[in-house]
Colleague: 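Shown below is the structure under consideration.
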There are 2 protein chains.
Amino acid sequence: MAQDLPYANNQTDIAPDCCETSFIHEEAVRTVRERMPAPEVTQAVADFFRVMSDPTRMRILCALGQSELCVCDLAALLGMSESAVSHQLRTLRAARVVRTRREGRIVYYALDDHHVRTAYKMGEEHVLEVL
Amino acid sequence: MAQDLPYANNQTDIAPDCCETSFIHEEAVRTVRERMPAPEVTQAVADFFRVMSDPTRMRILCALGQSELCVCDLAALLGMSESAVSHQLRTLRAARVVRTRREGRIVYYALDDHHVRTAYKMGEEHVLEVL
DNA sequence: TGTTCATATGAACAGTTGTTCATATATTGT
DNA sequence: ACAATATATGAACAACTGTTCATATGAACA
């Protein structure tokens with residue numbers, strides 16, 4: 001984890017106003033800090049997972065993992081309003097997780113990224129392992 | 001996606017009160033529906049990703065991916081209160097993402113699951129690919 | 001046993017998120 | 001050009017989330 005990435009060596013938030021925090025393992029903390037990815041990276045990764053953290057979006061992704069579908073297909077499949085589905089698809093599109101293809105007035109949605117499949121697989125395996 | 005899993009064939013939320021929704025691709029919707037994982041599964045996977053969707057927890061996971069650390073190490077490393085760190089670790093522990101090892105009064109935290117590493121890698125690659 | 005230190009927990013508040021309802025855009029067929 | 005249809009968007013509200021502050025455990029050393 002966290003290799004070949006922009007690092008955050010220049011962190012300045014080390015010292016609190018006083019020596020309130022006790023450095024139990026000063027050496028370990030120092031080396032870990034040097035190899036931490038930059039905050040922007042962890043933030044971006046967290047944002048990616050946030051997109052995947054909604055059950056409705058998860059079901060949409062599962063569906064699109066099998067076949068490309070349009071908004072009203074998904075609405076019928078999931079039993080929700082087309083507006084709600086469209087809003088979620090907007091989120092997924094913004095994160096480049098799904099891609100669109102227009103054919104007349106119908107917009108087809110499909111998974112855009114193999115990382116999404118693998119990440120889902122990891123989540124699924126973890127969940128089933130834990131019970 | 002969604003193979004060898006408990007299916008949700010017995011969904012009852014198919015018909016809205018009236019024929020408000022137009023089934024554009026009825027056949028595709030039917031086959032996708034049959035192969036959808038049960039709602040409990042997608043819910044659990046979404047919950048797993050929710051745990052990963054916070055920047056603070058993401059940084060904690062990156063740190064623990066390098067070395068096991070105690071609460072006050074993490075607090076010093078991340079520049080936050082030990083209470084805040086402890087709360088986040090509680091969330092991670094509940095999701096079985098980290099494991100604890102006690103040594104005297106110090107509790108060491110470490111990653112518990114290789115799925116977490118892989119999932120992170122997927123998120124990271126996706127993020128860097130998108131830019 | 002009592003005190004100290006590392007960690008955990010509870011309550012509460014501010015900020016964020018997802019849905020609904022209403023309306024807007026865009027494309028096809030007449 | 002106009003009406004119909006598929007999708008998109010805006011505003012707003014309820015529900016959820018993460019932090020802070022205060023307090024409680026629980027283990028070790030005197």
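What you see is a predicted model; the values in this text were computed from it and never measured. In what follows, chains are A, B, ... by sequence order, proteins preceding strands, each numbered from 1.
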Colleague: CZ of A:Arg59 versus C1' of C:dG18: gap in Å, rounded?
Modeller: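 The distance from CZ of A:Arg59 to C1' of C:dG18 comes to 15 Å, rounded to the nearest Å.
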
Colleague: Would you say that A:Leu89 contacts A:Leu92 through its side chain, given a criterion of any heavy-atom pair below 4.5 Å between the two side chains?
Modeller: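 They are in contact (side-chain heavy atoms under 4.5 Å apart), so the answer is yes.
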
Colleague: Could you give the side-chain donor-acceptor pairs of residues 102-109 of chain B under 3.5 Å, partners two or more places apart or in another chain?
Modeller:
{"residue": "B:Arg102", "atom": "NE", "partner": "B:Gly104", "partner atom": "O", "Å": "3.2"}
{"residue": "B:Glu103", "atom": "OE1", "partner": "B:Arg101", "partner atom": "NH1", "Å": "2.6"}
{"residue": "B:Tyr108", "atom": "OH", "partner": "A:His25", "partner atom": "NE2", "Å": "2.9"}

Colleague: Whole-Å distance between C:dT17 C1' and B:Asp47 CG?
Modeller: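 These atoms are roughly 15 Å apart.
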
Colleague: Using a 3.5 Å limit on both pairing distances, list the dot-bracket string of DNA chain D from the 5' end; Watson-Crick and G-U wobble pairs count, crossing pairs take [ ], interstrand pairs take |.
Modeller: ||||||||||||||||||||||||||||||

Colleague: Below 4.0 angstrom from OP1 or OP2 of C:dA8, is there any side-chain N or O of B:Tyr109?
Modeller: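 Yes.
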
Colleague: Rounded to the Å, how far apart are B:Phe49 CZ and C:dT17 P?
Modeller: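 Nearest whole value for this atom pair: 18 Å.
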
Colleague: For A:Arg96 and A:Asp112, indicate whether the former's side chain and the latter's backbone hold a donor-acceptor pair under 3.5 Å.
Modeller: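 It does not hold such a pair.
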
Colleague: From CG of A:Leu78 over to P of C:dT20, roughly how many Å is that when rounded to an integer?
Modeller: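 Going from A:Leu78 (CG) to C:dT20 (P), I get 12 Å.
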
Colleague: Taking the side chain as every heavy atom from C-beta outward, state whether A:Val97 and B:His126 have any pair of such atoms under 4.5 Å apart.
Modeller: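 Side chain of A:Val97 against side chain of B:His126, heavy atoms only: contact under 4.5 Å found.
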
Colleague: Could you tell me the separation between the CE atom of A:Met52 and the P atom of C:dT17, rounded to a whole number of Å?
Modeller: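 Interatomic distance, CE of A:Met52 to P of C:dT17: 17 Å.
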
Colleague: Report the distance from atom CD1 of B:Ile106 to atom P of D:dA28, rounded to the nearest whole Å.
Modeller: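 Nearest whole value for this atom pair: 10 Å.
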
Colleague: Map B:Ser53 and A:Leu89 onto DNA chain D by nearest heavy atom, then report which one ends up closer to the 5' terminus.
Modeller: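 In this pair, the answer is A:Leu89.
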
Colleague: If only side-chain N and O atoms of B:Arg90 are considered, is one of them under 4.0 Å from the OP1 or OP2 phosphate oxygen of C:dT7?
Modeller: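 Indeed not, no polar side-chain atom of B:Arg90 lies that close.
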
Colleague: Which nucleotide sits closest to the side chain of B:Arg93: D:dT7, C:dT9, C:dT17?
Modeller: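 The nucleotide sitting nearest to the side chain is C:dT9.
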
Colleague: CZ of B:Arg101 versus P of D:dA27: gap in Å, rounded?
Modeller: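 To the nearest whole Å, that distance equals 16 Å.
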
Colleague: Taking only residues two or more places apart in sequence or in another chain, which ones pass salt bridge (charged side-chain N to carboxylate O under 4.0 Å, His left out) with A:Asp113?
Modeller: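 By the salt bridge (charged side-chain N to carboxylate O under 4.0 Å, His left out) rule, A:Asp113 matches no residue at all.
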
Colleague: Would you say A:Ser86's side chain and A:Ser83's backbone share a donor-acceptor pair under 3.5 angstrom?
Modeller: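 No, A:Ser86 side chain to A:Ser83 backbone: no donor-acceptor pair under 3.5 Å.
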
Colleague: Pick out the pairs of N or O atoms, protein on one side and nucleotides 21-30 of chain C on the other, that lie under 3.5 Å.
Modeller:
{"residue": "C:dC21", "atom": "N4", "partner": "A:Ser83", "partner atom": "OG", "Å": "2.9"}

Colleague: When we call it a touch if two heavy atoms are under 4.0 Å apart, what does B:Tyr108 touch: a base, just sugar-phosphate, or nothing?
Modeller: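 No contact at all - B:Tyr108 keeps every heavy atom at 4.0 Å or more from the nucleic acid.
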
Colleague: By salt bridge (charged side-chain N to carboxylate O under 4.0 Å, His left out), which residues pair with B:Glu129, not counting sequence neighbours?
Modeller: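 Counting only residues at least two positions away or on another chain, B:Glu129 forms no salt bridge (charged side-chain N to carboxylate O under 4.0 Å, His left out).
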
Colleague: Can you name the ring pair (Phe, Tyr, Trp, His ring centres under 6.0 Å) partners of A:His115, sequence neighbours left out?
Modeller: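 Counting only residues at least two positions away or on another chain, A:His115 forms no ring pair (Phe, Tyr, Trp, His ring centres under 6.0 Å).
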
Colleague: Any side-chain heavy-atom pair from A:Phe48 and B:Met52 closer than 4.5 angstrom?
Modeller: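 Contact flag for A:Phe48/B:Met52 side chains = no.
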
Colleague: Take A:Thr56 and B:Val107, find for each the nucleotide of DNA chain C with the closest heavy atom, and name the residue whose nucleotide sits nearer the 5' end.
Modeller: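 Checking each residue's closest nucleotide, the 5'-ward one belongs to B:Val107.
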
Colleague: Between A:Arg50 (CZ) and C:dG15 (P), how many Å, whole number?
Modeller: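 After rounding, the gap between these two atoms is 16 Å.
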
